S.K.: 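First the structure, then my questions, so here it is.
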Amino acid sequence: MSAILEIVHVTRRFAGLVAVNDVSFALNEGEILGVIGPNGAGKTTLVGLISGTLPPSSGDIVFKGRSVTSLPAFRRARLGIGRTFQIMRPFPGLSVLDNVAVGALFGYGRGTSDLEEARQKARRNLEFVGLSRFADHLADELGGPGRKRLELAKALAMEPKLLLCDEVMAGLNHVEIDEVIGIIRKVRDLGITILVIEHVIKAIKSLSDRLLVIHHGEKIADGIPDAVLSDKTVVEAYLGKRQA
Amino acid sequence: MDLLAQVFVNGILLGGLYAIMALGLALVWGVLNIVNLAHGAFIMLGAYLSWYLFKYLGIDPFLGLPITAIVMFGAGYAVQRGMLNLIVRAPMFNTLLVTFGLEVVLTYLAQLAFSADFRTINPSYAGSNIAIGPVVVPIVRLAAFGVAIVLAVIMWLFLLRTRLGRAIRATAQNLVAARLYGVEPRHLYATTFGIGIGLAGVAGGLYGTVSQINPYIGATLTAKCFAIAIIGGLENPLGVIVGGLVLGIIESLAILYIGATFGDVASFGVLVLVLIVRPSGLLGRTA
Amino acid sequence: MNSAIRIAIALLAVVVLAALPWFGSDVIVQFGISTLLLAVLAQGWNIIGGYTGYPSFGNSTFFGLGAYGVAVAMVQWNMPFWVGMVFGAAMAVCFAILLGLPVLRLKGHYFAIATLALAQVVAAIVSNIPLFGQNIGLVLPPLNNDAMFYELSLALLLMATLTVWWLTRSRFGFGLIAIRENEEGAAVMGVNTTLYKVMAFALSGLFSSLAGGIQAYWITFLDPASAFDISLNVKMIIMAVFGGPGTVLGPIVGAVVLSAVSEVLSSEVTNAAGLFFGIVVVAAVVLMPRGLADIVHHFRKSGWRYFVQNIRAHRI
């Protein structure tokens with residue numbers, strides 16, 4: 001297994017606050033890596049750093065053997081990094097179908113320039129996430145669970161090599177969570193490497209090949225889920241706090 | 001050197017007046033997220049109100065300011081309650097257009113009511129000066145400056161110390177936060193806009209004592225208020241004072257060194273530069 | 001309605017409009033020219049404001065640069081009209097690229113205000129350049145051929161409209177719409193937002209400047225106050241927003257309706273045209289914030305309740 005993504009001593013400071021502090025890890029091709037941590041641990045910041053919406057204060061981000069640290073977000077998208085947003089922000093005035101078509105028009109290697117082809121592809125992606133019957137609705141009309149799926153469909157239409165999922169399960173009920181887990185497994189079967197950020201531990205435990213725990217911006221554990229979740233520091237920092 | 005000192009004093013006195021003009025705009029912008037393109041038109045109306053009070057009732061322009069403030073507060077309250085409350089949640093561009101429409105209507109009506117003639121408010125002490133060394137300070141300008149500073153400080157204390165002020169500041173973060181303070185949001189909005197317009201009215205009254213007024217002064221004044229709000233930030237009335245002083249001094253210097261036609265250009269140039277260098281304003285966070 | 005019938009209707013409309021100078025009176029043709037030019041401006045604004053979501057107050061600057069391009073070329077250099085058009089368009093496009101890069105980083109109000117301020121700065125600079133005739137202005141050689149100006153304006157509007165139509169079915173246009181709807185979301189999906197915004201600004205500037213060039217030659221006089229008139233910018237915005245920003249035909253409909261009404265008003269009640277404009281803007285934004293185009297879609301469904309629904313959606 002070779003690493004598709006390497007995070008090398010990455011730090012991100014905001015005014016007076018270190019959101020991500022000297023974090024290093026690698027993501028292997030075809031793997032599902034779960035990242036957990038309490039609220040405000042720096043998980044979403046991490047996604048921003050990898051997708052390029054936030055520049056790191058220091059450190060290096062290497063994607064497919066090439067440093068992408070100084071590349072803007074759209075260049076990283078063209079190299080094959082796709083992401084969803086925790087705060088779901090579709091293109092509200094566009095139809096669900098066209099929301100996804102944007103991903104096909106741009107995305108990996110610039111996508112297609114043919115609108116009809118992009119819409120065809122978008123239809124397939126909507127079917128993949130189970131949103132076909134909403135294709136002609138405005139994205140604004142979707143409810144929370146629908147928007148989570150739309151986020152996934154948009155990112156998938158980009159044909160990413162690496163998919164960053166930022167809390168795609170938050171706010172969903174058990175049935176919906178199981179469905180999303182099913183979708184993410186199917187995505188992995190397509191050969192796409194996945195980084196899942198979550199704070200619902202149960203869901204992520206069954207899904208991930210490996211777990212990474214972030215606390216106060218620092219990596220405190222990294223390993224197979226069972227080992228990580230029984231790790232003393234993790235229990236104290238994360239579970240302990242939540243139970244208290 | 002004396003000339004430079006004089007220019008600086010002129011700039012600072014002018015800047016105080018600018019600050020009070022921009023204070024209301026910054027308040028409305030920061031709290032309601034409405035950029036009020038009619039702000040200058042309200043300043044113009046305040047100036048005419050002061051002028052009428054002075055001309056026909058013989059009320060001293062400075063003593064008449066509370067009346068102007070109260071009347072303009074009422075007008076602002078009504079405009080927000082009756083019109084702007086209908087569109088506060090519309091895209092920002094729509095609010096921009098509505099206030100622009102309001103500006104056009106107010107300017108047109110002012111032209112009908114007051115004619116296009118230039119007016120000035122000339123109390124008996126209008127020509128008096130104080131000399132401090134080589135620098136001449138016109139009394140009216142000094143008084144206008146003083147009123148502006150006092151009002152800004154009062155505003156600052158009001159926002160910081162009173163319950164209503166805190167409710168207004170909370171609303172800047174979250175539109176319906178007023179409810180947490182037991183204030184009806186529609187009322188709070190209208191009150192905030194009323195305060196903004198009341199301040200514009202006072203600024204107009206002061207402007208009328210130091211400069212000529214006609215129905216068309218509004219647009220330029222709105223633009224200057226923008227520049228000041230951007231330089232000073234929207235959070236703190238004291239920042240707006242700094243913004244006003246900066247703009248006043250820059251304008252005075254530009255008029256001296258580049259030429260009279262460049263006074264306004266200088267302020268717009270500074271505005272563009274500030275926006276480009278620091279999109280969130282020079283002082284602190286802007287909304 | 002299938003697309004063949006649509007195209008046939010569109011072609012017929014263009015032919016009828018093109019034939020107007022042969023059966024319309026002089027007054028009608030003149031009204032036609034000014035309306036067509038306003039429609040071009042509204043359509044140009046539509047590209048940056050309606051599709052990309054950047055409410056530019058700098059488009060009157062493009063108009064002014066285009067007008068000065070023609071005036072300077074013809075008066076100062078004795079060059080033909082078309083050279084002036086190219087010169088003016090080149091100035092406008094350069095301006096859009098050079099200033100668009102920093103200014104298009106600003107969002108919302110800040111962008112609007114920055115372009116507004118820039119417009120004032122450019123006007124002041126131009127009025128101090130001798131080549132541009134300073135404050136006195138330039139007088140162009142008169143050409144008494146309104147039919148030609150009319151056809152030229154119509155052709156320009158056609159070009160602008162075809163461009164906007166292309167936006168609705170091209171990758172470029174989808175990129176712009178994505179930027180309008182959610183800029184960060186567009187960037188992570190691979191849209192080169194900076195490049196797209198600057199290109200939209202330049203395209204918008206190109207059409208505005210060509211309209212300015214035609215206007216200058218038609219009116220035969222140009223000074224900074226008329227060339228860089230900020231209220232012209234407001235007018236084009238109002239027309240686009242009234243008709244429906246982000247739609248292909250909305251800005252044209254807005255320009256025609258508002259020009260016609262204000263023409264009638266200014267001949268009936270002198271001076272009320274300005275007041276009328278103000279009132280229309282307020283009423284239009286409150287009652288139909290998405291323009292006439294949106295009414296066409298929704299009015300049949302909800303009738304008069306459409307207006308109430310709009311107010312409900314945006315008030316507190």
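Note that the structure is predicted; figures quoted are calculated from it, not measured. Labels below follow one simple rule: chain letters A, B, ... track the order of the sequence lines, proteins then strands, and each chain is numbered from 1.
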S.K.: Tell me, out of C:Ala178, C:Ala186, C:Gly185, who's got the most heavy-atom pairs with chain A below 4.5 Å.
M.R.: C:Ala178
S.K.: Could you walk me through whether A:Asp166 and A:Lys148 satisfy the salt bridge (Lys or Arg N to Asp or Glu O under 4.0 Å) test, starting with their C-alpha distance in whole Å, then the side-chain angles of each, then the deciding distance to 0.1 Å, before giving a yes or no?
M.R.: CA-CA 10 Å; A:Asp166 191 357; A:Lys148 295 274 183 197; over 6 Å; no
S.K.: State whether C:Glu183 and C:Lys197 are salt-bridged, where the test is any N-O pair (Lys NZ or Arg NE/NH1/NH2 against Asp/Glu carboxylate O) under 4.0 Å.
M.R.: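 C:Lys197 and C:Glu183: salt-bridged.
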S.K.: Is the shortest distance from a Lys or Arg side-chain nitrogen in A:Asp114 or A:Arg119 to a carboxylate oxygen in the other one below 4.0 Å?
M.R.: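 Salt bridge absent between A:Asp114 and A:Arg119.
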S.K.: Check A:Arg124 with A:Glu127, please: is the shortest side-chain N to carboxylate O separation under 4.0 Å?
M.R.: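 Salt bridge flag = no for A:Arg124 with A:Glu127.
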S.K.: Looking at C:Val248 and C:Gln43, what are the two nearest heavy atoms and their distance?
M.R.: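 C:Val248 and C:Gln43 have their closest heavy atoms at O-NE2, 3.0 Å.
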S.K.: Just by modelled atom types, is the A:Ala153 backbone N or O under 3.5 Å from a matching donor or acceptor in the A:Asn125 side chain?
M.R.: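 Flag not set: sc A:Asn125 to bb A:Ala153 has no pair under 3.5 Å.
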S.K.: Under a 4.5 Å heavy-atom cut-off, does chain C meet the side chain of A:Pro72, its backbone, both or neither?
M.R.: neither
S.K.: Where on A:Arg75 is there a heavy atom nearer than 4.5 Å to chain C: the side chain, the backbone, both, or neither?
M.R.: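 Neither the backbone nor the side chain of A:Arg75 comes within 4.5 Å of chain C.
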S.K.: Looking only at heavy atoms and a cut-off of under 4.5 Å, which of A:Ile81, A:Asp98, A:Leu94 has the most pairs with chain C?
M.R.: A:Asp98
S.K.: Looking at C:Phe62 versus C:Phe201, is the centre-to-centre ring distance below 6.0 Å?
M.R.: yes
S.K.: Taking only distance into account, with no hydrogens and no angle test, what donor-acceptor pairs under 3.5 Å do side-chain atoms of residues 183-190 of chain A form with protein atoms, sequence neighbours excluded?
M.R.:
residue	atom	partner	partner atom	Å
A:Arg185	NH2	A:Ser206	O	2.9
A:Lys186	NZ	A:Phe128	O	3.3
A:Arg188	NH1	A:Asp209	OD2	2.9

S.K.: What are the residues of residues 45-63 of chain A, in order of number, with any heavy atom under 4.5 angstrom from a heavy atom of chain C?
M.R.: A:Ser51, A:Thr53
S.K.: If we define contacts as heavy-atom pairs under 4.5 Å, which of A:Tyr108, A:Phe85, A:Phe74 has the most with chain C?
M.R.: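 Heavy-atom pair counts peak at A:Phe74.
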